[in-house]
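Notes follow the structure.
Here is the naming used below: chain letters follow the sequence lines, and residue numbers restart at 1 for every chain.
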2 protein chains.
Amino acid sequence: MNLARTAKLVAQAFDSAMVEAGGTLPVWVTLLSVKSKELANQRELAGMIGIQGATLTHHLNAMEAQGLLTRRRDPQNRRVHQVALTEAGEALFEKLRLAAVAFDKRLRAGLPDERLAEFAEVLAALRANVGG
Amino acid sequence: MNLARTAKLVAQAFDSAMVEAGGTLPVWVTLLSVKSKELANQRELAGMIGIQGATLTHHLNAMEAQGLLTRRRDPQNRRVHQVALTEAGEALFEKLRLAAVAFDKRLRAGLPDERLAEFAEVLAALRANVGG
DNA sequence: CATGAAGCATTTGACATCTAACTATTAGAT
DNA sequence: ATCTAATAGTTAGATGTCAAATGCTTCATG
């Protein structure tokens, strides 16, 4: 259970860093996923983030209400919502990005790339072992 | 974010295993913490599990209602609740313990002890780096 | 010993997440 | 062409979690 404990502590610390920068962890991952594929649909975004569609709907509602992004129907397939950032969304993304980079540096301190690579391999093996 | 993703997948898989065995992940960790120090108070239990006292209260309420454990005031210090398992709690603990052992074996498959030890060291370093 | 500070647990209110059920739309089979 | 399947998203209801406020109980200090 040290995996769970560590992930929780890291996530909490990361969320704190995001709050200081004017966002939250879920807002950051949502912005990041939208940026990494503009006009993606919600199914793809949720998959990228690793949450369910219903959860994403929840966050998009809040972020749309805050004016961070827009949703519009794809005229080619009216079941689909295309999500795009507003200017405010872009601005927040940039602020959070800087905070995320700083956090990442702090998190990796003292850990050489080889150790992190081996660490990532074990993480992948664990995912494979539970069928993820 | 592979750490978060992996921890989430592993936790979900573990919870599934616990549900099959008649419990849940939080029920398991609560039973385990009570067993590992019978008559512990809730503050200690929460610390062992890595959750807040309020969250533990929540689970203990449910588990007490299910007849898995009892809470009584410590006569020496009436602020404290001493938590102990009932027979039903002991029985469920044993069932979940077997499922947890099986899950652990599945999770570690193909990963030699040295790699797991190195993995645990990196986890510890990450906790230290975020000040946990 | 009286009063104020500290400790333990609970309550309250909020958020993130999930599953299941539902609506709307599209694609496919015959 | 129509009816059935599948797909995209939302809604509703539940769980697990946290932070802050509250209520007892104990301790310490004058």
Requested in this report: Using whole Å, report how far CD of B:Gln76 lies from P of D:dC27.
Outcome: 11 Å

Requested in this report: Round to a whole Å and report the spacing from CD of B:Glu44 to P of C:dG7.
Outcome: 14 Å

Query raised in the report: Using purine N1 to pyrimidine N3 plus N6-O4 or O6-N4 for Watson-Crick, or N1-O2 and O6-N3 for G-U wobble, both under 3.5 Å, which nucleotide pairs with D:dT15?
Result: C:dA16

Requested in this report: Measure from the side-chain heavy atoms of A:Asn77 and tell me the nearest of C:dC18, C:dT26, D:dA8.
Outcome: C:dT26

Query raised in the report: More than 12 non-hydrogen atoms from neighbouring residues, nucleotides or ligands closer than 6.0 Å to CZ on A:Arg115, yes or no?
Result: yes

Report summary line: Between CG of B:Leu25 and P of C:dC18 the distance, given in whole Å, is 15 Å

Query raised in the report: In whole angstroms, how far is the C1' atom of C:dA6 from the CZ atom of B:Arg43?
Result: 10 Å

Query raised in the report: Start at the 5' end of DNA chain D and walk down; is the nucleotide closest to A:Lys8 or to A:Val80 reached first?
Result: A:Val80

Query - Which nucleotide in D:dT25, C:dT25, D:dT17 has an atom nearest any side-chain atom of B:Arg79 - result: D:dT25

**Report entry** Interatomic distance where CG belongs to B:Asp74 and C1' belongs to D:dC24 [whole Å]
**Finding:** 15 Å

Requested in this report: Would you name the heavy atoms of A:Val83 and A:Leu60 that are closest together and state the gap between them?
Outcome: CG2-CD1, 4.1 Å

Query raised in the report: If you measure from the Lys or Arg side-chain nitrogens to the Asp or Glu carboxylate oxygens, is any gap between A:Glu94 and A:Arg97 under 4.0 Å?
Result: yes

Report task. Could you run through nucleotides 10-16 of chain D and give me one letter per nucleotide, 5' to 3': B if any protein heavy atom sits under 4.0 Å from the base, S if only the sugar-phosphate is that close, - if neither? Result -> BB----S

Query - Flag for B:Arg73-B:His81: side-chain donor and acceptor within less than 3.5 Å - result: yes

Requested in this report: Find the distance B:Gln82:CD to C:dC8:P and express it as a whole number of Å.
Outcome: 13 Å

Query raised in the report: Where does D:dA5 fall, syn or anti, if syn means a chi angle no more than 90° from 0?
Result: syn

**Report entry** Pair partner, D:dA5 [Watson-Crick or wobble, under 3.5 Å]
**Finding:** none

Report task. Could you point out which residue of A:Leu96, A:Asp15, A:Val19 forms a side chain to side chain contact (heavy atoms under 4.5 Å, CB included) with A:Val27? Result -> A:Leu96

Report summary line: note: B:Leu9, atom CG; C:dC18, atom P; distance rounded to Å ~ 10 Å

Query - A:Glu44 side chain to A:Asn41 backbone, donor-acceptor under 3.5 Å - result: yes

Query raised in the report: Do you know the tightest heavy-atom contact between B:Met48 and B:Ser36?
Result: SD-OG, 3.2 Å

Report summary line: Whole-Å distance, B:Gln52 CD to C:dC15 C1', equals 15 Å

